[in-house]
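These numbers come from a predicted model, not from an experiment.
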Amino acid sequence: MQTGDVISRLPLLLAVGLALALSACDTQQDAAKEDGPFPALWEIADSEGTVEGWMFGTIHALPDGSKWRSAQLDTVLRDADMLVVEVADLENGEDLSKLFEQLAFDRPAGPIIERIAPEMRGEFEELLVKAKVRRTYFDPMESWAAALALAQVAQTGKAENGADRALLAAFDQREVVELEGAREQLTIFDTLPEKEQRDLLNAVLEESQQYDGEIAPLAEAWLAGDTERLIALTRRGILADPELAQALLHDRNADWALQVENLLSARERPLIAVGTGHLIGERGLPALLEQRGYRVRRVE
């Protein structure tokens, strides 16, 4: 396998897209399933109760054939004026691969095995076998880039089937707004201190142990809309590291809350669709919007 082979199938893994390391869902869903449970959906209203928009926690991958759309979500997809996502141009694989290569190889990295904790080297060897690459394949990559590439190898599904892609397809004739974009998102990883990049790399290897079966625990919790379990699961692994959680989650949530507030002040009603981890917990977007005076409720 050549270097470009892994990169060409590398999804843009945001903090929680990586932290939840989520694998493939069925973008060809034509209709909602009839029975729950369903992934979490929130309604945003102003102080007088007028609905201003919605939030839906996405997942970047699930097993093929997973059914996740509810009747309530279909109604929102019909009524929303715009879609707000982290990265809009997910289908342009060639440009994304070029961008990844520009950032991933611009500093000398050294042997990857020396950057991996001894207790995680067994997981690394297993992923090498799965990726069908030589031992030195990841040596030229910076630690953050190797982490993202290994997370992709660990996945059991197809990133092109992610929920974010399905929603983008549903809004192909309406406005789509980016909160970050591909370059800004990857730059967040690229500018992490080396220590944090190595923590990220080793956390990815540790989390790869979840992917022995057809569906990871985090994907199961997402499908069930089990936010309490999602909170518990995201408090370990990558986001258990305070510095990584701050850089990859909390700082971005604070920035996004300002952007979302500006969007909600306009006439159009947006559907904000970002990684589920950004929407849960006391520092998630729903909580931050409530602090700004909005009424946010889970749609059952």
Side-chain angles (χ1 to χ4, degrees), residues 12-20 22 38-47 49-60 68 70 72-73 76-77 79-88 90 162-164 166-168 171 175-181 184-185 188 218 221-222 224-235 238-239 242 244-266 268-300:
L12 288 183
L13 299 171
L14 67 157
V16 175
L18 173 62
L20 303 186
L22 307 165
F38 301 104
L41 172 68
W42 287 266
E43 178 186 273
I44 309 167
D46 63 18
S47 58
T50 302
V51 176
E52 300 282 352
W54 302 268
M55 286 183 287
F56 181 71
T58 60
I59 195 169
H60 297 285
W68 49 270
S70 65
Q72 291 91 336
L73 179 59
V76 170
L77 294 179
D79 293 344
D81 300 301
M82 71 174 70
L83 178 67
V84 181
V85 294
E86 299 165 45
V87 178
L90 294 178
D164 40 9
L167 297 178
L168 284 165
F171 278 77
E175 184 178 6
V176 175
V177 175
E178 285 186 326
L179 291 170
E180 285 180 338
E184 181 177 346
Q185 190 169 98
I188 292 170
L218 285 157
W222 180 82
D226 189 343
T227 54
E228 292 301 316
R229 188 180 180 203
L230 286 168
I231 290 171
L233 289 169
T234 55
R235 283 177 176 167
I238 292 166
L239 295 183
L244 287 176
Q246 189 66 42
L248 302 181
L249 187 65
H250 303 317
D251 288 347
R252 296 165 76 204
N253 283 356
D255 177 65
W256 293 357
L258 292 173
Q259 294 187 59
V260 169
E261 188 173 22
N262 287 335
L263 290 168
L264 293 172
S265 67
E268 293 82 5
R269 297 194 297 177
L271 168 60
I272 295 100
V274 297
T276 298
H278 291 283
L279 302 182
I280 56 178
E282 60 187 19
R283 299 176 73 177
L285 281 179
L288 295 179
L289 290 177
E290 286 182 335
Q291 293 172 17
R292 287 165 165 77
Y294 290 94
R295 300 181 184 179
V296 182
R297 70 174 184 92
R298 173 87 177 265
V299 178
E300 301 298 339

Original post:
Can L239 and H250 be said to form a side-chain contact (heavy atoms from CB on, under 4.5 Å), step by step?
Top reply: CA-CA 10 Å; L239 295 183; H250 303 317; over 6 Å; no
Subject >> CA sep, side-chain torsions, deciding dist, call: E180, I188, side-chain contact (heavy atoms from CB on, under 4.5 Å) >> reply: CA-CA 10 Å; E180 285 180 338; I188 292 170; 3.5 Å; yes
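Contact of the L77 side chain with the F171 side chain is registered, since non-hydrogen atoms from C-beta on lie closer than 4.5 Å. Looking only at side-chain heavy atoms (C-beta outward), I59 and W68 stay at 4.5 Å or farther from each other. Side-chain contact between M55 and V296 is present, with at least one heavy-atom pair separated by less than 4.5 Å. Side-chain contact between Y294 and L264 is present, with heavy atoms from C-beta onward closer than 4.5 Å.
Among all heavy-atom pairs drawn from F56 and L279, the shortest one is C-CD1, 3.6 Å. Across every non-hydrogen atom of L168 and A88, the tightest pair is CD1-O, 3.4 Å. In plain terms, the two heavy atoms of T58 and G275 that are nearest each other are OG1-N, 3.4 Å. Summarising the geometry of A287 relative to G281, their closest heavy-atom pair is CB-O, 3.9 Å, with the distance given to 0.1 Å. When all heavy atoms are compared, the tightest approach of Q259 to E178 is OE1-O, 4.1 Å. Listed here is the closest heavy atom pair of N253 and G284: ND2-CA, 3.9 Å.
Distance alone, capped at 3.5 Å, places no donor-acceptor pair between the E43 side chain and the V51 backbone. Between the side chain of R298 and the main chain of W42, no donor-acceptor pair closer than 3.5 Å is present.
The distance from atom CD1 of I280 to atom CG of L230, rounded to the nearest 0.5 Å, is 5.0 Å. Interatomic distance, CH2 of W256 versus CG of L263, reported as 13.0 Å (0.5 Å rounding). For the atom pair R269 CZ and T50 OG1, the distance stands at 9.5 Å (nearest 0.5 Å). With rounding to the nearest 0.5 angstrom, the CD1 atom of I272 is 7.5 Å from the CG atom of L289. Atoms CG and CD, on L179 and E184 in that order, are 9.0 Å from each other to the nearest 0.5 Å. Distance check: L285 CG to E261 CD gives 11.5 Å after rounding to the nearest 0.5 Å.
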